[in-house]
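The next block holds one structure in the form of structure tokens; read it before the comments.
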Amino acid sequence: MEEVKVIGFWASPYVYRVTWALKLKGVEYEYQEEDVFNKSDLLLQYNPVHKKVPVFVHGGKLIAESIVILEYIDETWPQNPLLPTDPHARAMARFWTKFGDDKKPEFLGFLGRTGEEQMEAVKSAQECLKILEEHGLEEKKFFDGDKIGMTDLSLGWIAFYFEAMEEAAGVQVLEATSFPRLHAWIRNFKEVQVVKENHPDQARLLAYFKWLREMYVKPATIWAEFGAAYKLLCF
Amino acid sequence: MEEVRVIGFWASPYVYRVIWALNLKGVKYEYQEEDIFNKSDLLLQYNPVHKKVPVFVHGGKVIAESSIILEYIEDTWPQNPLLPTEPHARAMARFWTKFRDDKKPNIYGFFQRAGEEQIKAAKEAQECLKILEEHGPEEKKFFDGDKIGMTDLSLGWLAFWFEGMEEAAGIQVLEATSFPRLHTWIRNFKEVQVIKENHPNQARLLVYFKWLREMYTKPATT
């Protein structure tokens with residue numbers, strides 16, 4: 001059987017997208033942890049363009065960029081599909097996946113800011129969450145319908161990371177009363193067997209975000225540095 | 001036959017990706033021009049999330065985001081495929097499409113800046129273009145092989161827009177000696193019949209870029 005390997009970092013939600021996809025499809029793989037603060041020659045060789053995780057290796061062929069990897073996984077192992085068959089429904093899944101990724105700076109800005117700037121960043125995050133709540137999720141159990149799919153895996157970081165980020169940053173963003181659908185989705189998502197058995201340790205994640213936040217709000221840090229650190233941390 | 005409509009803006013390379021794709025597949029469509037500086041209620045209704053063009057309408061269903069529209073077109077009209085059949089090759093096509101879109105701020109920066117900042121931005125653009133150059137077609141004619149595909153359509157902006165931006169910004173970025181593969185690719189791309197017959201008017205584009213640049217570099221403009 002051909003080698004299937006995931007090169008990842010324990011705190012990366014992009015890596016979890018890939019490992020969740022493989023587990024949902026029952027694909028055996030080897031996992032290799034990478035220290036993103038001290039990148040190995042292997043990572044730089046495997047992903048010279050972006051120098052980030054996840055990197056996916058299948059039978060000697062390499063793929064980087066988590067969404068590109070998810071599309072590859074879905075095409076290579078068609079059981080338990082991540083995308084629906086109807087072209088328009090596929091387009092919608094890809095649209096919301098892209099939305100979640102394109103809006104990352106808006107979603108996460110509150111983690112690295114303080115005072116007035118942080119409050120503005122919280123509002124910005126809430127606007128994006130509102131769009132997900134009202135247009136993305138609507139009345140469905142999951143973004144992708146009755147079963148989880150690509151969109152749910154891509155937005156899965158909201159279920160596990162957001163709370164820890166809010167706590168580390170000392171703000172509430174995703175309030176249950178303002179976002180009842182998203183809260184229901186989080187509960188349903190966490191109940192999915194594969195997700196229940198595979199997710200980052202919450203306590204460790206909280207410690208990580210507290211440390212990250214300290215780095216970001218140091219007086220010498222400016223937004224450009226935050227951006228650079230943000231990219232370095234592949235989050 | 002179901003309605004196929006593209007809502008676009010004449011100067012948008014993202015819109016042209018969609019137009020090129022439909023033309024390559026021989027799909028008839030209606031084109032509706034949108035004034036993006038004075039957005040219509042229709043656009044805001046069709047694309048409430050991003051409020052941008054292109055918007056694609058097929059049988060009453062609406063799709064936004066050009067790379068997603070291309071995937072939809074490919075799923076719906078499989079003739080003259082934009083993506084190869086082999087999964088890894090498909091992944092590579094998607095990877096480079098994403099690279100170009102993610103690096104847009106880095107590549108466009110020189111157009112919006114002046115002086116020292118512009119020189120820095122030009123260098124940044126060249127770093128990204130160097131990556132494309134290194135992975136660019138060597139034995140193949142196009143990024144996607146012997147025929148154009150999704151990657152080529154996504155990079156089409158290099159063929160028609162980049163030169164206008166350089167001229168308007170008064171700086172050379174994509175020099176022929178430093179980027180021979182990209183220059184060869186541009187020549188080959190422009191020779192493809194569908195591309196030859198469907199591209200923005202260069203003179204009009206230059207006027208547009210000169211006007212845009214003026215807006216970007218006004219003292220009060222941030």
Side-chain angles (χ1 to χ4, degrees), chain A residues 2 18 47-52 55-78 83-106 127-128 130-136 150-151 224 227 231, chain B residues 2 18 45-52 55-78 83-106 120 127-135 150-151:
Chain A
E2 287 187 308
V18 175
N47 188 2
V49 175
H50 297 296
K51 307 175 179 51
K52 290 180 179 178
V55 173
F56 187 68
V57 191
H58 180 216
K61 290 188 168 160
L62 300 166
I63 307 168
E65 296 292 276
S66 62
I67 299 306
V68 175
I69 296 169
L70 288 191
E71 296 260 10
Y72 176 87
I73 287 171
D74 212 34
E75 285 171 2
T76 306
W77 295 282
L83 283 172
T85 40
D86 170 73
H88 187 255
R90 288 164 77 82
M92 289 301 99
R94 288 175 171 135
F95 178 88
W96 290 112
T97 295
K98 193 173 192 296
F99 176 83
D101 282 357
D102 288 350
K103 296 293 181 187
K104 267 288 165 62
E106 284 90 336
E127 274 162 25
C128 292
K130 208 74 195 157
I131 291 173
L132 279 180
E133 169 99 0
E134 285 168 12
H135 297 279
M150 183 179 283
T151 321
K231 281 180 212 163
Chain B
E2 288 187 309
V18 177
Q45 177 200 327
Y46 274 175
N47 190 2
V49 175
H50 298 296
K51 306 175 178 53
K52 288 182 179 176
V55 171
F56 187 69
V57 188
H58 180 216
K61 293 190 166 156
V62 179
I63 305 166
E65 296 293 275
S66 63
S67 56
I68 291 169
I69 295 169
L70 287 191
E71 295 265 11
Y72 176 86
I73 288 170
E74 180 75 348
D75 281 345
T76 307
W77 295 283
L83 284 172
T85 40
E86 198 268 319
H88 186 258
R90 289 164 77 85
M92 289 303 98
R94 288 176 172 133
F95 177 88
W96 289 113
T97 296
K98 191 172 193 299
F99 175 84
R100 180 267 176 231
D101 286 352
D102 289 349
K103 295 294 180 187
K104 185 195 163 179
N106 313 77
K120 252 172 72 178
E127 276 161 24
C128 295
L129 292 167
K130 207 72 196 157
I131 293 174
L132 284 174
E133 171 79 16
E134 278 161 21
H135 291 90
M150 185 179 282
T151 320

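Here is the naming used below: chain letters follow the sequence lines, and residue numbers restart at 1 for every chain. Any value given below was found using the heavy atoms of this structure, including those in side chains, with hydrogens, waters and symmetry copies removed.
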B:Asn47 side chain to B:Val55 main-chain N or O, any donor-acceptor pair under 3.5 Å?
no
Quick one: what part of B:His135 sits under 4.5 Å from any heavy atom of chain A, side chain, backbone, both or neither?
side chain
If one checks every heavy atom of B:Ser67 against chain A at 4.5 Å, the contacting part turns out to be side chain
Using 30° and 60° as the class boundaries, would you call the ring planes of B:Trp77 and B:His58 parallel, tilted or perpendicular?
tilted
So for B:Arg94, is it side chain, backbone, both, or neither that comes closer than 4.5 Å to the heavy atoms of chain A?
both
Which residue out of B:His88, B:Met92, B:Lys98, B:Glu134 racks up the most heavy-atom pairs below 4.5 Å with chain A?
B:His88
Less than 4.5 Å apart, side chain to side chain, heavy atoms only: is that true for B:Arg100 and B:Thr151?
no
Contacting region of A:Lys61 [heavy-atom separation from chain B under 4.5 Å]
both
Just by distance, do the side chain of A:Lys103 and the backbone of A:Gly100 share a donor-acceptor pair under 3.5 Å?
no
Looking only at B:Asp101, B:Ile131, B:Asp75, B:Thr76, the option with the highest number of non-hydrogen pairs under 4.5 Å against chain A is B:Asp75
For the interface with chain A, which of B:Ile73, B:Val62, B:Thr97 has the highest count of heavy-atom pairs at distances below 4.5 Å?
B:Val62
Regarding B:Arg90 and B:Glu74, does a basic nitrogen lie under 4.0 Å from an acidic carboxylate oxygen?
no
In terms of relative ring orientation, are A:Phe95 and A:Phe99 parallel, tilted or perpendicular, with 30° and 60° separating the classes?
parallel
Would you compute the distance between atom CE of A:Met150 and atom CD1 of A:Ile73 and round it to the nearest 0.5 angstrom?
9.0 Å
Evaluate the criterion side chain to side chain contact (heavy atoms under 4.5 Å, CB included) for residue pair B:Leu132 and B:Phe99; output intermediate values, then yes/no.
CA-CA 9 Å; B:Leu132 284 174; B:Phe99 175 84; 3.9 Å; yes
Is it the side chain or the backbone of A:Ile69 that comes within 4.5 Å of chain B heavy atoms, both, or neither?
neither
So what's closer than 4.5 Å to chain A heavy atoms on B:Asp102: side chain, backbone, both or neither?
side chain
What part of B:Lys61 lies closer than 4.5 angstrom to a heavy atom of chain A: side chain, backbone, both or neither?
both
Counting heavy-atom pairs under 4.5 Å to chain B, which of A:Glu71, A:His88, A:Lys98, A:Glu65 comes out on top?
A:His88
Which atoms of B:Glu86 are under 4.5 Å from chain A, going by heavy atoms: the side chain, the backbone, both sets, or neither?
side chain
